[in-house]
Trainee: 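Quick one: this structure, given as structure tokens, is what I'll be asking you about.
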Amino acid sequence: MPELPEVETIVRRMRPEIVGTTISGVDLRWERTLATPNWVTFHKNILGQKVDAVNRRAKYIVIQLSADTLIIHLRMSGDILFRPVDAPVEKHDRLLLNLDDKKTLAFNDMRKFGRVWLTPTPNDVLGKLGPEPLDAAFTADDLFKRISAHKRQIKPLLLDQHVIAGLGNIYTDEALHLAGLHPLTKSDTIKRSQAEILWRSIRQVLNEGIQRNGTSIDWIYRGGQYQDYLHVYGRTDEPCFHCGTPIQKIVVGQRGTHFCPKCQKV
DNA sequence: AGAAATACCCGTACGC
DNA sequence: TGCGTACGGGTATTTC
């Protein structure tokens with residue numbers, strides 16, 4: 001199982017040191033990395049632009065250039081590396097950007113899921129994303145309104161980035177366990193009080209993940225320790241820390257889903 | 001319209 | 001040992 005590119009692991013790959021450099025060369029190694037525009041336009045437009053800022057929105061890295069915005073989504077296995085300009089191309093390199101002829105920004109992505117956009121209107125890519133769960137402005141009431149507006153299973157609903165932005169499969173399972181909510185619970189049946197507990201749980205597991213430097217499940221990302229603190233994810237048949245009941249694994253919305261059948265009732 | 005299913009990927013683990 | 005296959009993740013797209 002690969003690493004989860006959650007907020008924390010995204011932040012550590014934002015490479016803020018590129019701010020102030022100018023893009024002087026481009027090498028696209030795998031065409032479909034480019035979500036938009038086409039290669040010719042991308043090449044023509046990005047050359048000569050200066051990097052003004054590096055930010056994050058949900059799981060997207062947002063690089064503000066002089067005229068356009070470069071947006072990168074790492075998906076599962078993507079990484080961003082800062083290398084000397086004469087460093088050799090590595091296996092799984094998808095896009096190389098030369099910065100001032102001294103350094104190269106390499107987008108490396110084994111599974112080819114990651115995508116890059118270059119656009120003058122970043123809102124086209126980011127505009128429909130839901131709120132940041134750790135934003136101080138995001139309240140329990142917001143969450144309650146958003147989940148009760150749908151009649152869906154709570155687990156796939158929480159994974160929907162238009163409803164709330166930033167939760168992946170691992171943290172969703174953990175948050176639902178902490179909140180005592182079964183992953184198949186219909187979202188419109190969740191009471192206001194339960195939504196508040198879920199709101200608190202989401203923020204707790206994300207904050208704990210950040211404190212532990214993210215989750216390293218396998219060989220792709222090795223910097224985190226939160227995998228040692230997971231309560232349900234990857235603990236199939238192991239005893240629930242709360243009640244001792246074996247953790248169950250089912251498939252919900254095509255995703256492996258771990259829960260305690262005693263602590264999380266429908 | 002909204003919800004659910006599918007497509008996109010490949011290194012690894014596992015069964016025979 | 002070697003080969004074939006299932007698996008996992010996030011989101012855009014397609015289907016229901």
Side-chain angles (χ1 to χ4, degrees), chain A residues 1-10 13 29-37 56-62 71-80 90-95 107-117 119 122-130 132-133 145-176 183-190 202 205-206 209 214-222 224 226-227 230 232-237 247 249-258:
Chain A
M1 290 163 282
E3 155 248 342
L4 179 76
E6 274 302 341
V7 169
E8 185 280 337
T9 66
I10 293 165
R13 287 157 162 156
R29 313 290 301 183
W30 195 68
E31 287 187 23
R32 294 177 56 183
T33 295
L34 209 51
T36 189
R56 178 192 68 76
R57 172 71 173 100
K59 303 180 191 177
Y60 296 78
I61 294 171
V62 182
I71 301 174
I72 300 176
H73 198 306
L74 302 173
R75 288 289 222 280
M76 294 314 308
S77 54
D79 200 359
I80 296 182
E90 292 187 15
K91 193 174 184 182
H92 308 311
D93 277 354
R94 306 305 176 194
L95 176 67
F107 175 55
N108 184 284
D109 181 23
M110 185 252 299
R111 284 185 185 154
K112 297 182 175 176
F113 270 22
R115 291 292 180 269
V116 172
W117 296 257
T119 173
N123 208 40
D124 293 350
V125 181
L126 309 173
K128 291 179 178 173
L129 289 167
E132 298 277 339
K145 284 174 186 163
R146 284 178 168 269
I147 63 181
S148 32
H150 298 270
K151 297 181 178 182
R152 295 172 61 182
Q153 298 164 337
I154 187 63
K155 157 119 188 193
L157 188 68
L158 291 178
L159 287 173
D160 187 334
Q161 303 296 301
H162 302 109
V163 175
I164 177 171
L167 282 176
N169 200 41
I170 297 172
Y171 289 97
T172 301
D173 280 3
E174 293 298 316
L176 287 173
L184 296 177
T185 307
K186 288 289 185 181
S187 58
D188 58 324
T189 69
I190 292 173
I202 288 169
V205 297
L206 287 179
T215 308
S216 299
I217 298 295
D218 72 1
W219 68 100
I220 294 173
Y221 166 68
R222 294 182 180 80
Y226 195 54
Q227 68 279 5
L230 298 174
V232 286
Y233 184 88
R235 296 195 63 248
T236 311
D237 297 332
I247 299 301
K249 182 182 178 183
I250 58 175
V251 175
V252 181
Q254 326 301 116
R255 286 286 169 264
T257 298
H258 312 71

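The basis for the numbers below is simple: all heavy atoms, side chains too, and nothing from hydrogens, waters or symmetry mates. Chain A is the first sequence line, chain B the second, and so forth, proteins listed ahead of strands; every chain is numbered from 1.
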Trainee: What is the separation between atom CG on A/Asp160 and atom C1' on C/dG10, rounded to the nearest whole Å?
Mentor: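 Rounding to the nearest Å, CG of A/Asp160 and C1' of C/dG10 are 11 Å apart.
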Trainee: Quickly work out the A/Asp109 CG to C/dG10 P distance and round it to whole Å.
Mentor: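 After rounding, the gap between these two atoms is 14 Å.
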Trainee: Indicate whether OP1 or OP2 belonging to C/dG9 is found under 4.0 Å from a side-chain N or O atom of A/Tyr233.
Mentor: yes
Trainee: Do the side-chain N or O atoms of A/Arg152 get closer than 4.0 angstrom to the phosphate oxygens (OP1, OP2) of B/dA4?
Mentor: yes
Trainee: Using only side-chain N and O atoms of A/Lys59, determine if any of them is under 4.0 Å from OP1 or OP2 of C/dT11.
Mentor: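 So the side chain of A/Lys59 is within the cut-off, an N or O lying under 4.0 Å from OP1 or OP2 of C/dT11.
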Trainee: Given atom CD of A/Gln153 and atom C1' of B/dG2, what is their separation to the nearest angstrom?
Mentor: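 Between C1' of B/dG2 and CD of A/Gln153: 14 Å.
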Trainee: Quick check on DNA chain B: between A/Arg255 and A/Leu157, whose nearest nucleotide comes earlier from the 5' end?
Mentor: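 Whichever sits nearer the 5' end wins; that is A/Leu157.
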Trainee: Quick check: on DNA chain B, is the nucleotide nearest A/Ala149 upstream (toward 5') of the one nearest A/Lys91, or the reverse? Name the residue that is more 5'.
Mentor: A/Ala149
Trainee: Going from CD1 on A/Ile247 to CG on A/Leu230, what distance comes out if it is rounded to the nearest 0.5 angstrom?
Mentor: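 Taking CD1 in A/Ile247 and CG in A/Leu230, the distance rounds to 11.5 Å.
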Trainee: With rounding to the nearest 0.5 Å, note down the distance linking CZ in A/Arg235 to CG in A/Asp237.
Mentor: 10.5 Å
Trainee: Side-chain N or O of A/His92 versus OP1/OP2 of B/dG11: is the shortest distance under 4.0 Å?
Mentor: yes
Trainee: What is the separation between atom CG on A/Leu74 and atom P on B/dC9, rounded to the nearest whole Å?
Mentor: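 These atoms are roughly 17 Å apart.
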Trainee: In degrees, rounded to 10°, what is the bend between the two ends of the helix from B/dG2-C/dC16 to B/dC16-C/dG2, using five pairs at each?
Mentor: 60°
Trainee: How far does CD1 of A/Ile202 sit from OG1 of A/Thr172, to the nearest 0.5 angstrom?
Mentor: 7.5 Å
Trainee: Take atom CG of A/Asp173 and atom C1' of C/dG9, then tell me their distance rounded to the nearest Å.
Mentor: 12 Å
Trainee: If I take atom CZ in residue A/Phe113 and atom C1' in nucleotide C/dG9, what distance separates them, rounded to the nearest angstrom?
Mentor: 7 Å
Trainee: Round to a whole Å and report the spacing from CZ of A/Arg75 to P of B/dC9.
Mentor: 11 Å
Trainee: According to a strict under-4.0 Å criterion, is A/Lys151 in side-chain N/O contact with OP1 or OP2 of B/dA3?
Mentor: no
Trainee: Does the side chain of A/Leu126 reach to within under 4.5 Å of the side chain of A/Ile71, using non-hydrogen atoms?
Mentor: yes
Trainee: Is the A/Tyr233-A/Tyr226 ring centre distance short of 6.0 angstrom?
Mentor: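 Here the rings of A/Tyr226 and A/Tyr233 have centres that are no less than 6.0 Å from each other.
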Trainee: Indicate whether the side chain of A/Asn108 and that of A/Lys91 have a donor and an acceptor atom separated by less than 3.5 Å.
Mentor: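 The answer is no; no qualifying pair exists.
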Trainee: OP1 or OP2 of C/dG8 versus the side-chain N and O atoms of A/Lys249: is any pair under 4.0 Å?
Mentor: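 Yes, within the criterion.
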Trainee: Please report the shortest heavy-atom distance between A/Gly166 and A/Gln161, naming the atom on each side.
Mentor: N-OE1, 2.8 Å
Trainee: Find the distance A/Lys186:NZ to B/dA3:P and express it as a whole number of Å.
Mentor: 9 Å
